[in-house]
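Input: a single structure, listed below in structure tokens.
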Amino acid sequence: MKVVKTVREVREIVTAWRKEGLSVGLVPTMGFLHEGHQSLISTSAAQNDRTVVSVFVNPIQFGPNEDLETYPRDLERDKKAVEEAGGDLIFNPEPEEMYPPHFTSFIDTTETTELLCGAVRPVHFRGVCTVVGKLFNIVGPDRAYFGQKDAQQLATIRRFARDLNFPLEIVACPIVREADGLAKSSRNTYLNKEERQAALILSKSLKKGREAIEAGERDAQTVIGIITESLKTEPLARIDYVEVVDFENIQRTPRIEGEVLVAIAVYIGRTRLIDNFIVNV
């Protein structure tokens, strides 16, 4: 598994692939890869001749009191995971490579970033969109792959890629879960045994909301209430938000009609976890 550290090296390799007429997929990650990331990589490998995986803990998407320093990192583990999933190249730059001195240019977005995680993490999506936009320019992929677990991120990247005319396809991939239903996340490693068990309340509560919709419930506040009451049954859970939004624009909707995202963020102990489901009514 080849690992490169500089923009120049990535561009040289991708240019050579292009001269051979090969298609290129991109999977942006912050590393510490799990089966959810591997599903993105394997999907890209199936749809493209070559796949680039970025492994970069992006400092500008973390707020002042967030987990930048403690975010898990293990490049050797990541190399094995990328190879197993069929990736071809890892781009693992240092922060100075991505953000040279006096870096002052950012991609800001509105509408899709106003609610959910955007409301409580004010710098997050500016950082995400800036680094993803840079990766699009560095790699120049035909397709880029993002997981539905970060549904607001997915909607936001789709929007800015369209608005700024990036010539690529954004491919959404389904949430990958543990056998007991917990959505796979690098932050799950923060949970102790008791918290890991308590975290199951996220998927259990969303299941109750989905069942209500499948039974015919169309009032968004009623569904929010069902999920909220279920979450409150877990003593270790502290609710950040429970929202029902139009998936394209990430704006609240009173009625469950069209493509709707039901999303939650919950603290289990000190660890903030997110989960969601999408319905099309």
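We use all heavy atoms of the structure for the numbers below, so side chains are in, but hydrogens, waters and symmetry mates are not.
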I'd like to know if the side chain of [X] and the backbone of [Y] have a donor-acceptor N/O pair within less than 3.5 Å.
X	Y	result
R11	T6	no
T29	S54	yes
E12	E9	no
R77	L33	yes
S42	A85	no
Q152	L115	yes
E114	E111	yes
Q38	A81	yes
D240	V266	no
S39	G36	yes

Linking I/L/V/M/F/W/Y whenever their side-chain heavy atoms sit closer than 4.5 Å, directly or via other members, would [X] and [Y] fall into one cluster?
X	Y	result
F106	V128	yes
F247	I256	no
V120	I264	no
L168	I107	yes
V279	I224	yes

Residues Y71, N58; criterion side-chain hydrogen bond (donor to acceptor under 3.5 Å, both in side chains); working and verdict: CA-CA 10 Å; Y71 195 87; N58 177 34; over 6 Å; no
Between atom [atom1] of [X] and atom [atom2] of [Y], what is the distance when rounded to the nearest 0.5 Å?
X	Y	atom1	atom2	answer
T228	Q221	OG1	CD	8.5 Å
E229	K232	CD	NZ	5.0 Å
M98	F91	CE	CZ	5.0 Å
I157	I170	CD1	CD1	7.0 Å
C117	I274	SG	CD1	5.0 Å
D150	N276	CG	CG	8.5 Å

So do the side chains of [X] and [Y] get within less than 4.5 Å of each other, counting heavy atoms only?
X	Y	value
I213	V262	yes
L236	I201	no
N48	W17	no
F125	T112	no
I60	V123	no
D142	V24	yes
V10	V139	yes
V171	L40	no

Qualifying residues under ring-ring contact (aromatic ring centres under 6.0 Å, His included), relative to H124, sequence neighbours excluded: none
Where at least one partner belongs to residues 208-219, residue pairs that pass side chain to side chain donor-acceptor pair (under 3.5 Å), sequence neighbours excluded: D219-T222
Taking all heavy atoms of [X] and all of [Y], pick out the closest pair and write down the distance.
X	Y	value
Y190	P72	OH-CD, 3.4 Å
L22	R18	O-NH1, 3.2 Å
V55	G31	CG1-CA, 3.7 Å
I227	S205	CG1-O, 3.6 Å
D49	D88	O-OD2, 4.0 Å
L116	A263	CD1-CB, 4.3 Å

Side chain to side chain contact (heavy atoms under 4.5 Å, CB included) between I90 and M1, worked out: CA-CA 8 Å; I90 293 175; M1 176 52 53; 3.8 Å; yes
[Y]/[X] salt bridge by N-O under 4.0 Å criterion:
X	Y	answer
R270	D67	no
K204	D275	no
D74	K80	no
E83	K79	no

Can you confirm whether [X] is buried at [atom1], in the sense that more than 12 heavy atoms of other residues, nucleotides or ligands lie under 6.0 Å from that atom?
X	atom1	answer
Q197	CD	no
R252	CZ	no
E194	CD	no

Between N92 and K5: side-chain donor-acceptor atoms closer than 3.5 Å: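 N92 vs K5: donor-acceptor pair found between side chains.
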Parallel, tilted or perpendicular, as decided by the 30° and 60° cut-offs, for the rings of H34 and H37: tilted
Mutual orientation of the aromatic rings belonging to F136 and F146 [parallel < 30°, tilted 30-60°, perpendicular > 60°]: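 F136 and F146: perpendicular rings.
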Residue pair K134, Y99: steps toward the side chain to side chain contact (heavy atoms under 4.5 Å, CB included) verdict: CA-CA 10 Å; K134 285 174 68 70; Y99 305 114; 4.1 Å; yes
Evaluation steps, side chain to side chain contact (heavy atoms under 4.5 Å, CB included), between Y145 and I41: CA-CA 8 Å; Y145 296 79; I41 298 166; over 6 Å; no
Working for side chain to side chain contact (heavy atoms under 4.5 Å, CB included), residues V131 and M30: CA-CA 11 Å; V131 76; M30 291 209 300; over 6 Å; no
Reference residue R196; test side-chain contact (heavy atoms from CB on, under 4.5 Å); the match among L182, I268, N188, T271: L182
